[in-house]
**Student:** 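This is the structure, below, for whatever I ask next.
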Amino acid sequence: MKKSEESSLPEDWYRKAALDVRRSEILVDHDDPEGAAFHLQQALEKYLKGYLIAKGWPLKRIHDLEDLLDYAVDYDESLETFRSLCQEITEYYIEERYPLSLSSGLTVKEVRMKISRAKEFVEKLL
């Protein structure tokens, strides 16, 4: 079986990212803040990768939003204003993926606010 390669088209990354935002919204509406936060991280990772690919960046296997933001800031310094958002949402990704002894106590309200802020970030990326 032939191994699939990840797309080098920004539009493909944006399309998948939009699905993850929608999943995040659905999960937060169903009182699953951890699942919603995980999909929000996935969305921002894909939006950042799409943005970077559009700038000619060679695709890399990076999941940390702050690391991806470092590359994005090289193209647009104004994206720096989203650093704290990227740091916080990266933590959600780790929390949802791995069993940790302490939970953050993530709330639906908090995730809704992050989704709203993330949409502002996405507007800057597109």
Side-chain angles (χ1 to χ4, degrees):
M1 181 175 200
K2 184 178 176 184
K3 182 180 175 186
S4 296
E5 291 187 27
E6 293 171 325
S7 176
S8 61
L9 300 175
E11 301 79 24
D12 291 343
W13 289 88
Y14 298 150
R15 185 175 33 76
K16 293 291 259 184
L19 289 173
D20 276 318
V21 169
R22 183 70 186 123
R23 290 176 181 127
S24 183
E25 292 170 330
I26 290 168
L27 288 169
V28 81
D29 286 344
H30 285 86
D31 199 29
D32 183 358
E34 291 86 4
F38 173 79
H39 282 284
L40 186 58
Q41 185 281 337
Q42 293 290 287
L44 290 186
E45 179 181 333
K46 291 171 186 144
Y47 274 120
L48 276 163
K49 287 180 178 178
Y51 171 84
L52 291 167
I53 289 167
K55 301 292 185 187
W57 181 77
L59 183 61
K60 298 176 184 174
R61 289 195 180 266
I62 299 173
H63 304 290
D64 187 298
L65 298 179
E66 192 172 10
D67 290 345
L68 290 166
L69 183 64
D70 288 340
Y71 289 109
V73 166
D74 288 342
Y75 298 102
D76 182 351
E77 290 181 7
S78 74
L79 296 174
E80 183 64 40
T81 61
F82 296 96
R83 183 157 307 271
S84 64
L85 177 72
C86 289
Q87 290 168 335
E88 293 165 4
I89 292 176
T90 292
E91 288 178 23
Y92 299 158
Y93 170 78
I94 293 167
E95 248 183 66
E96 179 63 15
R97 295 253 341 217
Y98 304 101
L100 303 173
S101 61
L102 294 175
S103 171
S104 69
L106 192 59
T107 66
V108 165
K109 181 180 178 181
E110 183 179 353
V111 176
R112 282 189 202 283
M113 290 188 310
K114 297 297 186 228
I115 291 170
S116 177
R117 182 78 171 128
K119 287 180 176 182
E120 294 173 27
F121 184 33
V122 169
E123 286 179 26
K124 292 277 291 179
L125 293 173
L126 297 180

**Student:** Supply the atom-to-atom distance His63 NE2 to Thr90 OG1, rounded to the nearest 0.5 angstrom.
**Tutor:**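 Between atom NE2 of His63 and atom OG1 of Thr90 there are 11.0 Å.
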
**Student:** Is it the case that the side chain of Lys49 and the backbone of Ile62 share a donor-acceptor pair, with hydrogens and angles ignored and the cut-off at 3.5 Å?
**Tutor:**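 Answer holds: yes.
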
**Student:** Do the side chains of Tyr47 and Val21 get nearer than 4.5 Å, heavy atoms only?
**Tutor:**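 Touching, per the 4.5 Å side-chain cut-off.
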
**Student:** Measure the shortest side-chain to side-chain distance between Leu48 and Phe121 over non-hydrogen atoms and say whether it is less than 4.5 angstrom.
**Tutor:**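 Counting from C-beta outward, Leu48 and Phe121 do come under 4.5 Å.
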
**Student:** Got a second to check how far Gln41's CD is from Ile89's CD1, nearest 0.5 Å?
**Tutor:**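 The CD atom of Gln41 sits 8.5 Å away from the CD1 atom of Ile89.
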
**Student:** With heavy-atom distances below 4.5 Å as the criterion, would you say the side chains of Pro33 and Thr107 are in contact?
**Tutor:**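 No, side chains not in contact.
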
**Student:** Going by the salt bridge (charged side-chain N to carboxylate O under 4.0 Å, His left out) test, name the single residue among Arg83, Lys114, Arg117 that passes it with Glu88.
**Tutor:**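 Going through the options one by one, the only one that passes is Lys114.
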
**Student:** Looking just at side-chain N and O atoms, do Tyr71 and Lys60 make a donor-acceptor pair shorter than 3.5 Å?
**Tutor:**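 On atom types as modelled, these side chains qualify, holding a pair under 3.5 Å.
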
**Student:** Keeping the roles fixed (side chain from Trp13, backbone from Ser7), state whether a donor-acceptor pair exists under 3.5 Å.
**Tutor:**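 Looks like yes, one N/O pair under 3.5 Å.
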
**Student:** Going hydrophobic residue to hydrophobic residue with side-chain gaps under 4.5 angstrom, can you get from Leu59 over to Tyr14?
**Tutor:**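 They do share one cluster, since a chain of ILVMFWY contacts under 4.5 Å joins Leu59 to Tyr14.
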
**Student:** Could you pull out the closest heavy-atom pair between His39 and Ser24, with the gap in Å?
**Tutor:**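 The pair with the smallest heavy-atom distance is CB-N, 4.0 Å.
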
**Student:** Less than 4.5 Å apart, any side-chain heavy atom of Arg112 and any of Asp29?
**Tutor:**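 Touching, per the 4.5 Å side-chain cut-off.
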
**Student:** Is atom NZ of Lys109 surrounded by more than 12 heavy atoms (other residues, nucleotides or ligands) closer than 6.0 Å?
**Tutor:**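 Counting other residues, nucleotides and ligands, NZ of Lys109 stays at 12 neighbours or fewer.
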
**Student:** Would a 4.5 Å heavy-atom cut-off, applied to side chains only, mark Leu65 and Leu85 as touching?
**Tutor:**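 Of all side-chain heavy-atom pairs linking Leu85 with Leu65, none is under 4.5 Å.
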
**Student:** Once rounded to the nearest 0.5 Å, what's the spacing between atom OH of Tyr51 and atom CG of Leu44?
**Tutor:**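 Output value for this atom pair is 14.5 Å.
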
**Student:** Is it true that the side chains of Gln87 and Glu91 contain a donor and an acceptor less than 3.5 Å apart?
**Tutor:**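 Distance-only check fails for Gln87 and Glu91.
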
**Student:** Quick check: is Val108 connected to Leu27 through a chain of hydrophobic side chains (ILVMFWY, heavy atoms under 4.5 Å apart)?
**Tutor:**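 As far as the 4.5 Å side-chain criterion goes, Val108 and Leu27 are not connected within one cluster.
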
**Student:** State, yes or no, whether a side-chain contact exists between Lys124 and Val122 at a heavy-atom distance under 4.5 Å.
**Tutor:**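 No, every pair of side-chain atoms sits at 4.5 Å or beyond.
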
**Student:** Hey, is NE2 on His30 packed in by over 12 heavy atoms from elsewhere, all under 6.0 Å?
**Tutor:**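 No.
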
**Student:** Between atom CD of Glu6 and atom CG of Asp12, what is the distance when rounded to the nearest 0.5 Å?
**Tutor:**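 Between atom CD of Glu6 and atom CG of Asp12 there are 11.5 Å.
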
